[in-house]
There are 2 protein chains.
Amino acid sequence: MNVRSFCHYEKIMSEANFHRGEHTRTKIIRAAHDLFVKQGYHGTSMRQIASQADIALGGLYNHFEGKEDVFRAVFLEYHPYHEVVPALLAAKGETVEQFVRNGVNRIYEALDDRPDFLNLMFIEIVEFNSVHTNELARELTPVQLKIVERVREINLDKLRPIPPLMLVRTFLGLFFAYKLTEIIFAQPALPEFSENDLDYFINIYLHGILKGNDKLQMDVG
Amino acid sequence: MNVRSFCHYEKIMSEANFHRGEHTRTKIIRAAHDLFVKQGYHGTSMRQIASQADIALGGLYNHFEGKEDVFRAVFLEYHPYHEVVPALLAAKGETVEQFVRNGVNRIYEALDDRPDFLNLMFIEIVEFNSVHTNELARELTPVQLKIVERVREINLDKLRPIPPLMLVRTFLGLFFAYKLTEIIFAQPALPEFSENDLDYFINIYLHGILKGNDKLQMDVG
DNA sequence: CCTACCGATCGGTAGG
DNA sequence: CCTACCGATCGGTAGG
């Protein structure tokens with residue numbers, strides 16, 4: 001939880017008030033998140049957020065400096081890295097293939113509750129020219145290093161020569177490729193893509209990073 | 001050019017006026033596109049669009065029913081499929097690898113002038129819940145079939161068993177993976193990613209779809 | 001009668 | 001944390 005530096009007028013605050021304030025702030029962020037991913041940034045008004053969070057419009061400004069500040073908090077609080085980084089660090093397996101499949105499963109399950117996590121990133125890119133994304137990238141540099149270290153611990157004998165960071169980047173790219181092409185190709189009227197579509201992406205990726213003629217353990221293709 | 005069905009009241013129109021009207025419509029779409037990709041949908045006002053197109057606000061409504069109608073026209077006119085589909089159909093090569101590399105180059109060059117083509121798709125997804133994307137997907141079904149036919153003409157001996165449509169989908173996913181992870185990982189303050197980053201994605205993809213132990217002709221990894 | 005626009009203004013809402 | 005407002009601007013439309 002952040003320091004409540006947004007409360008300029010409160011010099012002294014009781015424990016009870018502090019927790020009440022934190023709770024309100026959390027309510028606002030959740031309400032704002034739901035509205036932003038559904039309606040976009042400019043499409044969502046401060047009045048809607050206030051109403052959804054069960055406070056008056058003016059009350060928002062006790063917790064946030066303005067609309068962009070609300071979005072920034074939502075973005076930092078709901079960014080998928082909260083799920084993705086622990087999943088990457090916790091992934092286990094004896095071979096690279098097992099590691100990748102385990103990592104995919106962990107991430108897939110962690111993001112399953114939030115099918116619209118991409119919307120948050122898209123809003124940030126189009127409405128704020130990725131300024132918060134860049135801010136986050138700077139802050140997460142040590143985390144990147146930690147992940148790279150973790151990758152180096154794996155037995156990479158069977159891996160083609162690919163820099164660890166590029167390995168992580170292409171791995172995450174897998175999900176973007178899958179999700180975005182699903183949106184592009186999908187036609188709600190027609191029968192859905194089969195459920196093992198993601199498997200094609202995974203297997204192509206695994207064949208792509210592994211050496212030569214080893215057959216994958218759980219190949220579907 | 002589309003039929004000007006938006007002018008319900010026009011029963012007869014002279015050639016000169018028709019072309020003047022078409023030109024104005026084109027100017028509006030270009031102006032709106034530039035503003036939308038820079039500022040988002042709700043972030044762009046009809047007044048800004050009119051101003052940028054050098055006409056009065058009221059004049060917009062002689063060409064479009066409203067703001068959403070303007071965006072729809074921009075989306076259909078500037079969607080990357082205009083560049084991507086011809087590039088895919090025109091790709092040449094004697095091996096799958098040559099085909100893929102040629103296709104990548106054609107698409108890369110065609111989209112080079114429009115680094116923000118993703119923004120248009122992102123706005124559509126977050127602001128309109130992909131309704132225009134779905135509309136487009138339905139209209140482009142025959143085009144999909146044409147591309148799949150084209151893929152079948154290629155010598156696919158060296159290819160792992162992957163359905164042609166999945167081949168096309170993962171191929172396009174390549175660009176999304178590259179572009180989006182570039183945004184996520186990039187830090188303007190730090191030295192840029194090297195210029196051959198895309199090559200890693202391409203080579204992983206090629207290794208991923210091709211059989212066994214064949215060495216790629218132009219491998220960098 | 002038409003097309004292509006204008007200046008002015010409508011009812012509501014924006015962030016603060 | 002609320003009520004009561006502000007300057008400005010929103011998308012869209014009026015008559016001419």
Side-chain angles (χ1 to χ4, degrees), chain A residues 4-14 16-29 31-32 35-36 39-74 123 127-128, chain B residues 1-29 31-32 35-36 39-74 123 127-128:
Chain A
R4 298 176 70 241
S5 57
F6 43 87
C7 291
H8 304 295
Y9 58 89
E10 296 174 19
K11 298 296 176 199
I12 299 172
M13 202 196 306
S14 74
N17 281 344
F18 177 82
H19 282 113
R20 186 140 34 99
E22 278 304 299
H23 177 246
T24 303
R25 184 182 155 90
T26 304
K27 269 205 308 183
I28 294 169
I29 292 179
L35 291 166
F36 282 147
Q39 308 179 340
Y41 177 75
H42 285 284
T44 299
S45 69
M46 291 294 264
R47 280 169 176 78
Q48 286 178 314
I49 296 170
S51 161
Q52 184 97 344
D54 272 320
I55 61 164
L57 171 66
L60 289 180
Y61 296 89
N62 292 319
H63 296 271
F64 300 96
E65 289 177 15
K67 194 178 181 183
E68 173 160 354
D69 195 32
V70 175
F71 180 82
R72 188 177 163 278
V74 169
I123 292 171
E127 306 284 357
F128 297 100
Chain B
M1 293 291 172
N2 288 327
V3 179
R4 298 174 70 240
S5 56
F6 45 86
C7 293
H8 303 295
Y9 53 86
E10 297 174 16
K11 297 297 175 201
I12 299 170
M13 200 196 303
S14 77
E15 269 291 299
N17 281 343
F18 176 83
H19 283 113
R20 187 143 31 102
E22 278 305 298
H23 178 246
T24 303
R25 184 182 155 90
T26 304
K27 270 205 307 186
I28 294 169
I29 292 179
L35 291 166
F36 283 145
Q39 308 179 339
Y41 177 75
H42 281 100
T44 299
S45 68
M46 291 294 265
R47 280 167 177 80
Q48 287 178 314
I49 295 170
S51 160
Q52 185 97 343
D54 271 321
I55 61 165
L57 171 66
L60 289 180
Y61 296 90
N62 293 319
H63 296 271
F64 300 96
E65 288 177 15
K67 195 179 181 184
E68 172 161 353
D69 195 31
V70 175
F71 180 82
R72 187 176 163 278
V74 168
I123 292 172
E127 305 283 357
F128 297 99

In whole angstrom, give the distance that lies between atom CZ of B:Phe71 and atom P of D:dG11. 14 Å
Could you tell me whether the side chain of B:Phe64 reaches within less than 4.5 Å of the side chain of B:Ile29, counting heavy atoms only? yes
Measure the distance from CD on B:Glu65 to C1' on D:dG11 and round it to the nearest whole Å. 14 Å
Could you go through residues 43-59 of chain B and list every donor-acceptor pair under 3.5 Å that involves a side-chain atom there, pairing it with any protein atom two or more places apart or in another chain?
from    : atom 1 : to      : atom 2 : distance (Å)
B:Thr44 : OG1    : B:Leu35 : O      : 3.3
B:Thr44 : OG1    : B:Gln39 : OE1    : 3.3
B:Thr44 : OG1    : B:Gly40 : O      : 2.8
B:Ser45 : OG     : B:Gln48 : N      : 3.1
B:Gln48 : OE1    : B:Ser45 : N      : 3.0

Which value, in whole Å, describes the distance between the C1' atoms of nucleotides D:dG11 and C:dT9? 13 Å
Would you please classify the geometry between the B:Phe71 ring and the B:Phe128 ring as parallel, tilted or perpendicular, with 30° and 60° separating the classes? parallel
According to a strict under-4.0 Å criterion, is A:Ser45 in side-chain N/O contact with OP1 or OP2 of C:dT13? no
OP1 or OP2 of C:dC5 sitting under 4.0 Å from any side-chain N/O of B:Thr24? yes
Defining pairs by Watson-Crick or G-U wobble geometry with both distances under 3.5 Å, how would you list the stems of DNA chain C with at least three pairs each? none
Between D:dC10 and C:dC10, how many Å separate the two C1' atoms, rounded to a whole number? 12 Å
B:Phe64 CZ to C:dA4 C1', straight-line distance once rounded to whole Å: 14 Å
Just the rounded figure in Å: distance from P of C:dG12 to CG of A:Leu57. 19 Å
Heavy atoms of A:Phe36 and A:Val70 approach each other most closely as CE1-CG1, 4.2 Å
Side chain of B:Asn62 only, heavy atoms from C-beta on: which candidate in C:dC5, C:dG16, D:dT3 is closest? C:dC5
Classify B:Gly59 by what it touches in the nucleic acid, base, sugar-phosphate, or nothing, heavy-atom distance under 4.0 Å. nothing
Whole Å only: how far is the NE2 atom of B:His23 from the C1' atom of C:dC5? 16 Å
Any side-chain N or O of B:Tyr61 less than 4.0 Å from the OP1 or OP2 oxygen of D:dT13? no
Show, in sequence, the C-alpha distance, side-chain angles and deciding distance for A:Ile28 and A:Leu60, and conclude whether the side-chain contact (heavy atoms from CB on, under 4.5 Å) test is met. CA-CA 8 Å; A:Ile28 294 169; A:Leu60 289 180; 3.8 Å; yes
To the nearest Å, give me how far apart OH (B:Tyr41) and C1' (D:dC10) are. 12 Å
Got a second to check how far A:His42's NE2 is from A:Glu127's CD, nearest 0.5 Å? 4.5 Å
Sub-4.5 Å side-chain heavy-atom contact between B:Glu68 and B:Tyr41: yes
Of the residues in residues 46-55 of chain A, which ones touch DNA chain C at a heavy-atom distance under 4.0 Å? A:Met46, A:Arg47
